[in-house]
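Throughout, protein chains are lettered first and strands after them, A, B, ... in sequence-line order, and every chain is numbered starting at 1. Since the model is a prediction, treat every value here as computed from it, not as a measurement. Excluded from the calculations below are hydrogen atoms, water molecules and symmetry mates; all remaining heavy atoms, backbone and side chain alike, are included.
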Number of protein chains: 2
Amino acid sequence: MFSKACQYAIRATLFISQKSLQGERVGLKKIAEEIDSPEAFTAKILQQLARNSIIESVKGPSGGFEILDKNLDKIKLISIVEAIDGNQIFDGCGLGLKQCNSAKPCPVHDKFKSIRENLKHMLSTTNIRELATDLSIGNVFLKA
Amino acid sequence: MFSKACQYAIRATLFISQKSLQGERVGLKKIAEEIDSPEAFTAKILQQLARNSIIESVKGPSGGFEILDKNLDKIKLISIVEAIDGNQIFDGCGLGLKQCNSAKPCPVHDKFKSIRENLKHMLSTTNIRELATDLSIGNVFLKA
DNA sequence: TATATAAAGGACAAAAATATCCGAATATAT
DNA sequence: ATATATTCGGATATTTTTGTCCTTTATATA
């Protein structure tokens with residue numbers, strides 16, 4: 001469904017969100033440990049997220065990553081997916097046809113359309129504060 | 001969503017289905033042309049499909065690929081997806097966690113579950129005769 | 001039976017995704 | 001100011017996916 005990079009991105013963002021809720025900033029090392037991801041690769045992904053203003057990065061001692069409180073409501077899962085994987089998953093043809101639309105549809109065009117609308121709706125309406133709160137409560141997890 | 005190999009596999013299977021409906025067997029070259037896919041790569045995929053009894057292959061002059069009539073109803077889209085991409089997309093965690101289940105769910109476990117159940121249901125109930133018939137009628141297409 | 005045709009299969013190549021390493025830039029605290 | 005902690009960014013390596021090429025095998029038909 002999503003690339004590994006995107007999965008790491010979501011996991012990292014949620015972990016940072018959770019820490020930001022507690023007023024804490026976290027560094028790369030801690031993030032990679034807590035979400036069980038390769039550190040250097042995660043660094044690249046965090047840079048992308050920072051460039052897309054999904055997270056904030058602070059250099060130097062006591063630096064790290066955080067998310068502005070106002071953004072915890074504003075940032076939806078779809079923002080992360082689009083920043084990392086683009087919108088191919090929402091807009092591209094399910095069978096990979098370059099040209100596929102309601103005027104000239106592929107054989108599964110309509111069937112896929114509704115599935116992807118569901119997915120898009122879910123990702124568009126799920127904000128990260130909600131998920132980070134669930135994490136803090138402790139009934140959902142980011143690693144085994 | 002699906003790998004390119006899987007997209008080619010579905011397109012190829014539908015084209016072969018359509019021809020089989022007309023009692024015709026088709027060769028690799030024609031298939032690759034008609035679904036606009038790389039020929040040699042498509043050959044590998046057709047082999048996989050044949051090994052999984054989704055299509056039949058016949059060597060030698062007037063050989064090629066076909067689908068048994070009785071299988072046109074039996075073979076669902078999900079058979080093709082599972083043969084090529086496996087069932088990671090249905091069973092794997094949306095965030096890539098190795099261990100993720102209702103007892104120890106990731107933050108998006110439930111939200112993803114329903115999306116994937118939709119997808120699985122759609123793929124499990126769509127048979128290839130139906131799609132091949134649509135193709136023959138000419139209101140859906142396999143290439144631009 | 002010989003020949004031509006078509007898929008099968010193995011080895012290889014290219015491209016993309018994933019992952020690592022290291023020096024540069026920058027901010028903090030002493 | 002200086003030392004230190006931390007992200008940034010470029011280069012490179014590895015793995016996976018996608019794609020190609022060539023030889024072998026099977027088979028229809030002349």
Side-chain angles (χ1 to χ4, degrees), chain A residues 1-13 15-16 19 24-33 35-67 81 83-86 88-89 92 95-96, chain B residues 1-13 15-16 19-20 24-33 35-67 81 83-86 88-89 92 95-96 98:
Chain A
M1 189 94 91
F2 302 139
S3 69
K4 279 194 171 192
C6 187
Q7 297 177 339
Y8 296 149
I10 295 173
R11 277 148 59 185
T13 302
F15 178 66
I16 298 167
K19 288 298 178 182
E24 285 178 37
R25 190 182 281 163
V26 272
L28 169 62
K29 193 162 210 165
K30 186 82 190 294
I31 294 170
E33 267 168 21
I35 71 170
D36 195 26
S37 66
E39 190 175 317
F41 190 46
T42 303
K44 300 294 186 192
I45 294 163
L46 294 175
Q47 283 174 41
Q48 274 188 271
L49 293 174
R51 274 188 236 112
N52 281 273
S53 304
I54 288 170
I55 64 179
E56 316 297 316
S57 75
V58 180
K59 286 183 181 179
S62 87
F65 299 90
E66 65 189 348
I67 298 182
V81 174
I84 306 296
D85 279 355
Q88 184 66 13
I89 192 171
L95 297 188
Chain B
M1 188 94 92
F2 302 138
S3 70
K4 280 197 172 192
C6 187
Q7 297 177 338
Y8 295 149
I10 295 174
R11 277 148 60 187
T13 302
F15 179 66
I16 298 167
K19 289 298 179 183
S20 291
E24 286 177 37
R25 190 181 282 161
V26 273
L28 169 63
K29 194 162 210 163
K30 185 80 190 294
I31 294 170
E33 268 168 19
I35 71 170
D36 195 25
S37 67
E39 189 176 317
F41 189 45
T42 303
K44 300 295 186 192
I45 294 162
L46 293 175
Q47 283 175 40
Q48 275 188 270
L49 293 174
R51 271 188 239 114
N52 281 274
S53 304
I54 288 170
I55 63 179
E56 315 298 316
S57 76
V58 180
K59 286 184 179 179
S62 85
F65 300 89
E66 65 188 349
I67 297 182
V81 174
I84 306 295
D85 280 353
Q88 184 66 12
I89 192 170
L95 298 187
K98 279 156 202 159

Exercise. Whole Å only: how far is the CG atom of B:Leu46 from the P atom of C:dA6?
Worked result: 15 Å

Problem set entry | Closest non-hydrogen atom pair between B:Ile16 and B:Glu66, with its separation | CG2-CA, 3.5 Å

Exercise. How long is the line joining CZ of B:Phe41 and P of C:dA16, in whole Å?
Worked result: 13 Å

Exercise. From A:Ile84 CD1 over to A:Asn52 CG, what is the distance, rounded to the nearest 0.5 angstrom?
Worked result: 7.0 Å

For this session: Identify the two heavy atoms, one from A:Ala32 and one from A:Glu39, that lie closest to each other, and give their separation to 0.1 Å.
Result: CB-CA, 3.8 Å

Exercise. How many Å lie between CZ on B:Arg25 and P on C:dA7, as a whole number?
Worked result: 10 Å

Seminar exercise, completed: Rounded to whole Å, CD of A:Glu39 lies from P of C:dT18 at a distance of 19 Å

For this session: Let me know the distance between NZ of A:Lys29 and P of C:dT20, rounded to the nearest Å.
Result: 14 Å

For this session: Check A:Asp36 against B:Lys98 and note the closest heavy-atom contact, atom names and distance.
Result: OD2-NZ, 4.2 Å

Exercise. Hey, is the main chain of B:Val81 close enough, under 3.5 Å, to the side chain of B:Asp85 for a donor-acceptor pair?
Worked result: no

Exercise. Going through the checks in order, is the side-chain contact (heavy atoms from CB on, under 4.5 Å) test met by A:Lys19 and A:Phe65?
Worked result: CA-CA 9 Å; A:Lys19 288 298 178 182; A:Phe65 299 90; over 6 Å; no

Exercise. Just to confirm, is there a sub-4.0 Å distance from OP1 or OP2 of C:dA6 to any side-chain nitrogen or oxygen of B:Ser62?
Worked result: no

Seminar exercise, completed: Bounded by its outermost nucleotides with an atom under 4.0 Å from a heavy atom of chain B, the footprint on DNA chain D reads D:dT18 to D:dA28

Seminar exercise, completed: Assign each of B:Cys6 and B:Gly60 the nucleotide of DNA chain D bearing its closest heavy atom; nearer the 5' end lies the nucleotide of B:Cys6

For this session: Identify, between A:Val58 and B:Lys59, the residue whose nearest nucleotide on DNA chain C lies closer to the 5' end.
Result: B:Lys59

For this session: Quickly, which of B:Ile54, B:Ile31, B:Thr13 forms a side-chain contact (heavy atoms from CB on, under 4.5 Å) with B:Leu46? Name it, please.
Result: B:Ile31

For this session: Rounded off to whole Å, could you give me the CD1-to-C1' distance for the B:Ile16 and C:dA6 pair?
Result: 14 Å

Exercise. Within this structure, what is the CG-to-P distance between A:Asp85 and C:dA16, rounded to whole angstrom?
Worked result: 16 Å

Exercise. For A:Lys44, which contact category applies under a 4.0 Å heavy-atom criterion: base, sugar-phosphate, or nothing?
Worked result: base

For this session: Taking only the side-chain nitrogens and oxygens of B:Gln47, find out if one of them lies under 4.0 Å from OP1 or OP2 of C:dA7.
Result: no

Exercise. How close or far is atom P of C:dT20 from atom CG of A:Leu28, stated in whole angstroms?
Worked result: 12 Å

